[in-house]
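Here's the structure we're looking at; comments come further down.
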Amino acid sequence: MRVMGVDPGLTRCGLGAVEGRPGAPLSLVAVGVVRTGADEELGARLVGIEAGIEQWLDDVRPDAVAVERVFSQHNVRTVMGTAQAAGIAVLCAARRGLPVALHTPSEVKAAVTGSGTADKKQIGAMVTRLLRLSEMPKPADAADALALAICHVWRGGVQHRLAEAVARAGAQTAATRARTAAEVRTRKDTRL
């Protein structure tokens, strides 16, 4: 499974892609950031982020996209910009029919480091180790995007398969109920 992770932000939107499956070594596909200038108008910044993400989707061709779930921060202005960038990432993936998963920062930290309270340095170190890189990806936004992708390969793939199994079981149950109802109607008709 190839997953593209997006660490949303208006100034630096981290992007990273990995390939792998649960229980097997992961491999780095690509890592980087899309940058916009703080002095640019908001619309232009969002268009720049969209263009960068679209280019990444063309180049990386992921099976799924994992985006950091925006959470409440003290600085409303910062959280608004982060949410807008996250929305652009979700839109770009949805436009292509790609599955999108939102992972919380603590979920990603726990998946990659074993602790939901790990700091950026610990995340970067584990990403470097897990992907067998010679140096830590920089800036931290890029390492965070790789951590999101790793988290999704390890957790999201399992969650997706579980959701598919539940849906199949529900469909089978509905089909069984329909057959039973048809048999009951047939029995009633033959008695008349």
Side-chain angles (χ1 to χ4, degrees), residues 1-35 49-50 52-73 78-79 81-94 96 98-133 136-163:
M1 166 183 263
R2 181 174 284 196
V3 177
M4 185 171 111
V6 180
D7 181 39
L10 279 179
T11 304
R12 284 184 319 271
C13 183
L15 300 167
V18 300
E19 195 158 21
R21 59 183 171 78
L26 300 165
S27 59
L28 173 69
V29 176
V31 64
V33 294
V34 172
R35 297 177 190 271
I49 291 169
E50 178 192 28
I53 291 172
E54 288 288 353
Q55 185 63 56
W56 265 73
L57 290 168
D58 286 343
D59 294 346
V60 171
R61 307 186 81 65
D63 300 309
V65 176
V67 181
E68 182 177 286
R69 181 182 301 274
V70 179
F71 63 98
S72 178
Q73 296 176 343
T78 300
V79 78
T82 302
Q84 291 163 334
I88 294 294
V90 171
L91 172 73
C92 291
R96 294 168 184 247
L98 293 171
V100 177
L102 300 173
H103 298 284
T104 66
S106 59
E107 179 185 359
V108 174
K109 291 173 185 180
V112 174
T113 70
S115 170
T117 60
D119 63 25
K120 292 222 180 253
K121 187 175 180 182
Q122 290 170 310
I123 293 166
M126 282 306 294
V127 164
T128 302
R129 182 174 173 204
L130 292 168
L131 295 175
R132 299 169 310 282
L133 305 175
M136 193 179 305
K138 290 187 174 133
D141 309 275
D144 289 349
L146 288 171
L148 275 151
I150 292 167
C151 173
H152 188 72
V153 168
W154 286 352
R155 292 189 173 182
V158 172
Q159 291 168 348
H160 179 70
R161 286 192 302 277
L162 181 59

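The CG atom of Leu10 lies 5.0 Å from the CD1 atom of Ile49; values are rounded to the nearest 0.5 Å. Atom-to-atom distance recorded for Asp63:CG and Met4:CE is 12.5 Å, nearest 0.5 angstrom. Here the straight-line distance linking atom CD of Glu54 with atom SG of Cys92 works out to 4.0 Å at 0.5 Å rounding.
Inter-residue side-chain proximity for Arg35 and Pro139 is flagged as met; some heavy-atom pair is nearer than 4.5 Å. Side-chain atoms of Arg96 and Asp58, non-hydrogen and from C-beta on, do get closer than 4.5 Å to each other. Counting heavy atoms from C-beta on, the side chains of Thr128 and Pro137 come closer than 4.5 Å. A 4.5 Å side-chain heavy-atom check between Leu57 and Pro62 finds at least one atom pair inside the cut-off.
Across all non-hydrogen atoms, the minimal contact from Val65 to Val6 is CG1-CG2, 4.1 Å. Annotation for Ala143 and Gly124: closest pair CB-CA, 4.2 Å, computed over non-hydrogen atoms. Ala86 approaches Pro8 most closely through the heavy-atom pair N-CB, 3.5 Å. The nearest pair of heavy atoms linking Leu146 to Gly16 is CD2-CA, 3.7 Å. Closest non-hydrogen pair, His103 versus Leu148, comes out as CB-CD2, 4.0 Å. When all heavy atoms are compared, the tightest approach of Ala118 to Gln122 is CA-OE1, 3.1 Å.
Listed for the Arg155 side chain is no donor-acceptor partner under 3.5 Å among the backbone atoms of Val108. With hydrogens and angles ignored, the 3.5 Å screen pairs a side-chain donor or acceptor of Arg132 with a backbone N or O of Leu26. A donor-acceptor pair under 3.5 Å is formed between the side chain of Arg2 and the backbone N or O of Val60. Remark: side-chain polar atoms of Gln55 are not paired, donor with acceptor, to backbone N or O of Gly52 under 3.5 angstrom.
Each of Arg12, Lys121, Lys109, Lys120 was checked for a salt bridge (Lys or Arg N to Asp or Glu O under 4.0 Å) with Asp144, and the lone residue meeting it is Lys120. Screening Val31, Ile53, Val33, Asp7 for a side chain to side chain contact (heavy atoms under 4.5 Å, CB included) with Leu15, the sole residue that qualifies is Ile53.
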